[in-house]
Amino acid sequence: NRVKYCTYCILGESLFWFPVALLPSLFTAHQISWLIFFISLTTIAGYCSQPSWISLITDSIPQKSWGKFFGWRGRLIGTLGLAASFTAGWFLNLFPKGQTIGFVILFLIAGTARFIAAFFMSRMYEPGWTPKKESYFSYWQFIERLPYSNFAQFTLYAALLGFATQ
């Protein structure tokens, strides 16, 4: 069930934001290491849901509308992401330098927002899906196809680019 899997991934992502928010009070030693650890878990949980979510969306939207939908979605995410960055910067500027309360509030908002997203994801309709026989392959078969498969090469490229930039 793709909806359930995506919901669990988003819930995991949501839950990992809370230790990030409470980092100053939970951990007194090695705070940077803990920050990297929890941000890594948040990112991994977020990325784990993406293949299932894309599969779900492409089954829910007619193929001729994919370009329009994903273009609109990309513009919306870019615009809202930029606006959120500016708003967060403005918000952090309201607090005296050296205090972490602004970051705590922002990370709590992030965790709460992802929790709300998980709720809405859990209510999403899942169209039926029957995999084709040729769709089944193991991880090692995928690795073996890497030199010959455009899909495998693109997947590796996208994974490495995401890892390098996130």
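Bear in mind that the values here come from a model prediction, so they are computed numbers and not experimental data.
- One hydrophobic cluster, built from ILVMFWY side chains closer than 4.5 Å, cannot hold both I54 and F142; they sit in different ones.
- Looking only at side-chain heavy atoms (C-beta outward), F103 and L108 stay at 4.5 Å or farther from each other.
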Between side-chain atoms of residues 16-39 and protein atoms elsewhere (two or more places apart, or another chain), which donor-acceptor pairs fall under 3.5 Å?
| residue | atom | partner | partner atom | Å |
| --- | --- | --- | --- | --- |
| S25 | OG | L22 | O | 3.1 |
| Q31 | NE2 | F27 | O | 2.6 |

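- Grouping Ile, Leu, Val, Met, Phe, Trp and Tyr by side-chain contacts under 4.5 Å, direct or through others, puts L11 with Y8, F115.
- Judged purely by atom type and a 3.5 angstrom limit, S49 has no side-chain atom pairing as donor or acceptor with the backbone of I10.
- Sorted by first and then second residue, the side-chain hydrogen bond (donor to acceptor under 3.5 Å, both in side chains) pairs involving residues 98-110 (not counting sequence neighbours) form an empty list.
- Counting side-chain heavy-atom gaps under 4.5 Å among Ile, Leu, Val, Met, Phe, Trp and Tyr, I44 is found in no cluster with other residues.
- Pairs engaging residues 99-110 under the salt bridge (charged side-chain N to carboxylate O under 4.0 Å, His left out) rule: none recorded [sequence neighbours left out].
- To the nearest 0.5 Å, atoms CD1 (I57) and SG (C6) are separated by 9.0 Å.
- The list of salt bridge (charged side-chain N to carboxylate O under 4.0 Å, His left out) pairs with a residue in residues 144-155, not counting sequence neighbours, is empty.
- Residues satisfying the salt bridge (charged side-chain N to carboxylate O under 4.0 Å, His left out) criterion with R114, sequence neighbours excluded, are E13.
- Within the model, atoms NZ of K68 and OG of S65 stand 7.0 Å from one another, a figure rounded to the nearest 0.5 Å.
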Review item, side-chain donor-acceptor pairs of residues 147-163, under 3.5 Å, at least two apart:
| residue | atom | partner | partner atom | Å |
| --- | --- | --- | --- | --- |
| S149 | OG | F151 | N | 3.3 |
| S149 | OG | A152 | N | 3.1 |
| Q153 | NE2 | L146 | O | 3.1 |
| Q153 | NE2 | P147 | O | 3.2 |
| T155 | OG1 | F151 | O | 2.8 |

Show me the side-chain donor-acceptor pairs of residues 72-97 shorter than 3.5 Å, one per line, residues at least two apart or across chains.
| residue | atom | partner | partner atom | Å |
| --- | --- | --- | --- | --- |
| T79 | OG1 | R75 | O | 2.8 |
| S85 | OG | G81 | O | 3.0 |
| T87 | OG1 | A83 | O | 2.8 |

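- Through side-chain heavy atoms spaced under 4.5 Å, either directly or across other Ile, Leu, Val, Met, Phe, Trp or Tyr residues, F119 is tied to I116, F120.
- Applying the 4.5 Å side-chain rule to ILVMFWY residues, one finds that Y5 remains a lone member of its cluster.
- Of the inter-residue distances, the one linking L56 atom CG with Y125 atom OH reads 10.0 Å to the nearest 0.5 angstrom.
- A search for side chain to side chain donor-acceptor pair (under 3.5 Å) contacts involving E126 returns R2, not counting sequence neighbours.
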